[in-house]
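Report on the structure given below.
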Amino acid sequence: MYQNILLAVDFSKASTCVAQRAMQLAPEGSQLTVLHVAEYLPMLDYSGDPMAMTPLAIDEDLLMEDAKQSLQRFVDKHLQGVEVVQQVKMGIPKLDILQTVEKQNIDLLVIGSHGRHGLARLLGSTAAAVINDCPCDILAVRINPDNS
Ligand code: AMP
């Protein structure tokens, strides 16, 4: 029985289906953590360093706050009645998902086969990227890329 489950959500349409699967799989007494990674790629200068000031500079605190509110809304709507731990990180989804799995001793990762970055192939880029390096079992919930 899985005891420590991580559900990765990107708020795409398909996330609802992925969340339902995680709920069905989480046995009573297990811990279900829902993770969203807020993606922010700073503009880089010619040497590859983040530009200190750009006209398009993004307020990271605002981005985090917005992501936290979106996750709370998602949990209220799609994970009603389930006790979950909510986590928001800022970074690169595939890296932060793997890091969370390792640091938090996750024993099952539930992820969509396709989401926002998904192309019409077997796995979307995040699922494909984590599958090789993930130290625990993974459930890649099959999503039709046209519906993701
Ligand atoms: P994609 O690589 O966009 O096709 O996404 C496939 C799956 O990876 C999604 O269904 C989510 O489970 C997960 N995922 C993608 N982006 C994120 C993100 N920013 N935060 C958390 N999970 C994500």
task: For side-chain contact (heavy atoms from CB on, under 4.5 Å), just list the numbers for V130 and I138, CA-CA rounded to whole Å, side-chain angles, deciding distance to a tenth of an Å, and then say yes or no.
output: CA-CA 9 Å; V130 298; I138 305 180; 4.2 Å; yes
query: Can you find a side-chain donor-acceptor pair between Q104 and Q31 that sits under 3.5 Å?
result: no
field: Distance-only side-chain donor-acceptor flag, Q72 / D76, under 3.5 Å
entry: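 Yes, a side-chain donor-acceptor pair sits under 3.5 Å.
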field: Residue pair L32, E83: steps toward the side-chain contact (heavy atoms from CB on, under 4.5 Å) verdict
entry: CA-CA 7 Å; L32 179 58; E83 210 176 300; over 6 Å; no
What distance separates [X] [atom1] from [Y] [atom2], expressed to the nearest 0.5 Å?
| X | Y | atom1 | atom2 | answer |
| --- | --- | --- | --- | --- |
| M64 | K89 | CE | NZ | 9.5 Å |
| K103 | D96 | NZ | CG | 9.0 Å |
| K68 | Q86 | NZ | CD | 10.5 Å |
| L25 | D137 | CG | CG | 10.5 Å |
| L98 | I92 | CG | CD1 | 11.5 Å |
| S30 | M1 | OG | CE | 8.5 Å |

Side chains of [X] and [Y]: does their closest heavy-atom pair fall under 4.5 Å?
| X | Y | result |
| --- | --- | --- |
| C17 | V141 | yes |
| L35 | L6 | yes |
| R21 | Q24 | yes |
| S15 | H78 | no |

What is the minimum heavy-atom distance between [X] and [Y], and which atoms define it?
| X | Y | answer |
| --- | --- | --- |
| E39 | L63 | O-CD2, 4.1 Å |
| C134 | L109 | SG-CD2, 4.2 Å |
| I143 | G112 | CG1-CA, 4.3 Å |
| A38 | A67 | CB-CB, 4.0 Å |
| M23 | L79 | CG-CD2, 3.4 Å |
| D10 | S12 | OD1-OG, 2.7 Å |

Just by modelled atom types, is the [Y] backbone N or O under 3.5 Å from a matching donor or acceptor in the [X] side chain?
| X | Y | value |
| --- | --- | --- |
| D107 | Q3 | yes |
| T33 | V85 | no |
| N4 | N105 | yes |

field: Qualifying residue for side chain to side chain contact (heavy atoms under 4.5 Å, CB included) with L71, from V84, V34, D66
entry: V34
query: Which is it for I106 and I5 under the side-chain contact (heavy atoms from CB on, under 4.5 Å) test, yes or no, and what are the steps along the way?
result: CA-CA 6 Å; I106 297 296; I5 300 170; 5.9 Å; no
- prompt: Taking it one step at a time, do M90 and V37 satisfy side-chain contact (heavy atoms from CB on, under 4.5 Å)?
  reply: CA-CA 5 Å; M90 184 166 308; V37 182; over 6 Å; no
